[in-house]
Amino acid sequence: MCGIVGYIGSRESVPILMGGLRRLEYRGYDSAGLAILNGQELSVVRRKGKLAELASALEEQLPSGMIGIGHTRWATHGVPSEENAHPHVDCTGRIAIVHNGIIENFVQLREELQSKGHVFNSQTDTETLSHLVEESYEGDLYEAVRKALGRVRGSFAIAVISVDHPEELIVARKDSPLILGLGKGEQFIASDIPAVISHTKRILVLNDGEMARVTREGCSIMTLDGLPVEREEIVVTWDAEAAEKSGFGDFMLKEIYEQPVAVRETLRPYLLDGGVFMGEMPGLSVDEIRSLDKIVVVACGTSYHAALIGKQVIEAWAHLPVEVDLSSEFRYRHLLIGPGSLVIAITQSGETADTLASMRIASEVGAKVLAIANVVGSTATRQADGTVYTHAGPEIGVAATKTFVSQLAAIYTLGLYLAQVRETISPEERSEIVDELGGLPNRIERALECRSEVGVAAQTYAGCQDFLFLGRGIGLPVALEGALKLKEISYIHAEGYAAGEMKHGPIALVDEDCPAVAVATDAHTYEKIISNIQEVRARGASVIAVATEGNEGIKNFAEHVFYVPRTLEALSALVAVVPLQLLAYDIAKVRGCDVDQPRNLAKSVTVE
Ligand code: AGP
């Protein structure tokens, strides 16, 4: 998830573009750049690192010009560096482009363009677009962009300028957001409203499959097929601060609602034609996969809960024994791993000290090491033999939400890939899982609809000092994650527990002051979890249940029921966690807690 901006008008464009990028830094901040057009001169300034690096470069070299584009990057392909930063230019240096999204077929397009003599200077998918526009250019920039986009598979929000067309800025979008800000004699474009709101509140939203030619006087919108589009402008009432959170009260809530997009963007590069495509996974050949004797998954916190789900999924689909270990324990354990083992490190930040140490130790004893990470170029991705990326975009809230569901999406993909290579899954089962994976973004959307029921429960139980979270099977890691969410943002003592384990001691804790949250979605152990619910109810506990939509019977055993859509049992964790995230958020808000920056916590634990 990156941020793009553009300006065309009669004012100097650099301060306007930099102001816009500052408002979009929450979308990505590993590198940034600008391209400014001034007559026949196209100046491109790019820097690795935060926006401040670009700002100081501009103090030394301030390009002048009243049309320009800018970009703040969250790397998806190619490590954060100056040469990988946007804007990217074509061979002539006359066309510049900024892009937010993922070009899935960039490898074959790059090879085709290189065979025609195009010279690439970066590792990014985006640079393919600048050479594709150059290749398609026959005097009309708009048409060249449209033709180029016709070759592209993936998601994009782009802005393009050219020395040969100093009076226009071309934009287009598919599966990545893009808005136009309408001014008098000047126009603005951006990934999101915060970037333009200090200049204009008149907004035109570009829809998927649309592009626009933007001039100082205004814009004309057309479909990518060239059909004209009429679009009503809207006038927003947000202030700039609220706009950064897209109108949500906190980054955490915004990120909970970004989960459908995060999961879709994570799955996008891997799901193809009813199967899973990993290409030749770097660092893990097909033969190595076939000869694996054991997998160990190491992680911390929320990522550890994702690892517990990974165990169940990989064992069920790929028939490989999987151990899960806390990184802080693994690194000091007597290890029974070696060259035939695969260690998977799950870490959204890619910087967690205990997980990095565990990766190093695994490599030292000859195990293959894979990372599942959300930050391109992070230490974990450089230590690993290969990385399966999540594409959740930057997560500002300390409590992990969209990165967690994106980790699950990556794990499902990896588990399916291992099963595909080891031929431990039938084509029918594989295509059933792939179909269900494709439907997950919509199921998360629907799971978010339980918000009002969650709010009622939050008001009722926000004063409690103890909570139990109970689950079985795939529901147990979900219960553990729900307990962690509540603990870390509301400071309430919450314990996640295997429901079948309660009678071995913890049930002594149960009374009317200790509500029990039960993950009771449809599963082969459903009847068992109902018995456990009855055990705690018999001792006075109020019960909050997460259940599969259509299950009316559970209302006999619970004071509150949060319904989620039906999906495969193995995938149900991804939807069942959503109400628990919302419950933790709402209770914390009732208690007046700072949900984005909870006390004592850091977003990335880079120390032991
Ligand atoms: C989760 O809400 C916490 N912020 C924390 O447990 C986190 O999951 C843990 O520190 C691991 O972080 P990582 O995924 O970046 O390695």
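Atoms within each ligand, like the ligands themselves, are counted from 1 in listed order. We number each residue from 1, following the sequence as shown.
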| Passing option when Lys589 is tested against Asp596, Asp594, Asp250 for salt bridge (Lys or Arg N to Asp or Glu O under 4.0 Å) | Asp250
| Among protein heavy atoms, which lies nearest atom 10 (O) of ligand 1, and at what distance? | Val605 CG2, 3.9 Å
| task | Report the C-alpha distance between Tyr497 and Phe469 in whole Å, list the side-chain angles of each, state the deciding distance to 0.1 Å, and finish with yes or no for ring pair (Phe, Tyr, Trp, His ring centres under 6.0 Å). | result | CA-CA 6 Å; Tyr497 234 92; Phe469 284 73; over 10 Å; no
| field | Minimum-distance protein heavy atom relative to atom 15 (O) of ligand 1 | value | Ser349 OG, 2.6 Å
| Atoms in ligand 1 with a heavy atom of Ala399 nearer than 4.0 Å | 2 (O)
| request: Check for a donor-acceptor pair, side chain of Asn374 on one end and backbone N or O of Ala392 on the other, with a separation under 3.5 Å. | output: yes
| remark: Heavy-atom proximity to atom 8 (O) of ligand 1, picking from Thr390, Val298, Thr302, points to Thr302
| said: I want to know if ligand 1 touches Ala400 in the polar sense, i.e. an N/O pair below 3.5 angstrom. | reply: yes
| task | On the 0 to 90° scale, with breaks at 30° and 60°, tag the His99-His86 ring pair as parallel, tilted or perpendicular. | result | parallel
| field | Sub-4.0 Å heavy-atom contact, Val398 with ligand 1 | value | yes
| note | Quick look: Lys485 vs ligand 1, heavy-atom contacts under 4.0 Å, and the answer is side chain
| Taking the six-membered ring for Trp, are His391 and His77 parallel (under 30°), tilted (30 to 60°) or perpendicular (over 60°)? | parallel
| Is it the case that more than 12 heavy atoms not belonging to Lys48 sit under 6.0 Å from its NZ atom? | no
| request: Identify, for atom 6 (O) of ligand 1, the protein heavy atom at the shortest distance, and state residue, atom and that distance. | output: Gly301 CA, 3.2 Å
| Name of the residue among Glu481, Gln259, Lys485 meeting side-chain hydrogen bond (donor to acceptor under 3.5 Å, both in side chains) with Gln581 | Gln259
| task | Taking only heavy atoms of Ser303 into account, list the atoms of ligand 1 that are under 4.0 Å away from them. | result | 8 (O), 13 (P), 14 (O)
| message | Considering both backbone and side-chain atoms of Glu488, is one of its nitrogen or oxygen atoms within less than 3.5 Å of a nitrogen or oxygen in ligand 1? | response | yes
| field | Closest protein heavy atom (residue, atom, distance) for atom 16 (O) of ligand 1 | value | Thr352 OG1, 2.5 Å
| Looking only at protein heavy atoms, which one is nearest to atom 11 (C) of ligand 1, and how far off is it? | Cys300 O, 3.5 Å
| said: Looking only at side-chain N and O atoms, does Thr355 offer a donor or acceptor that is under 3.5 Å from a partner on Ser327? | reply: yes
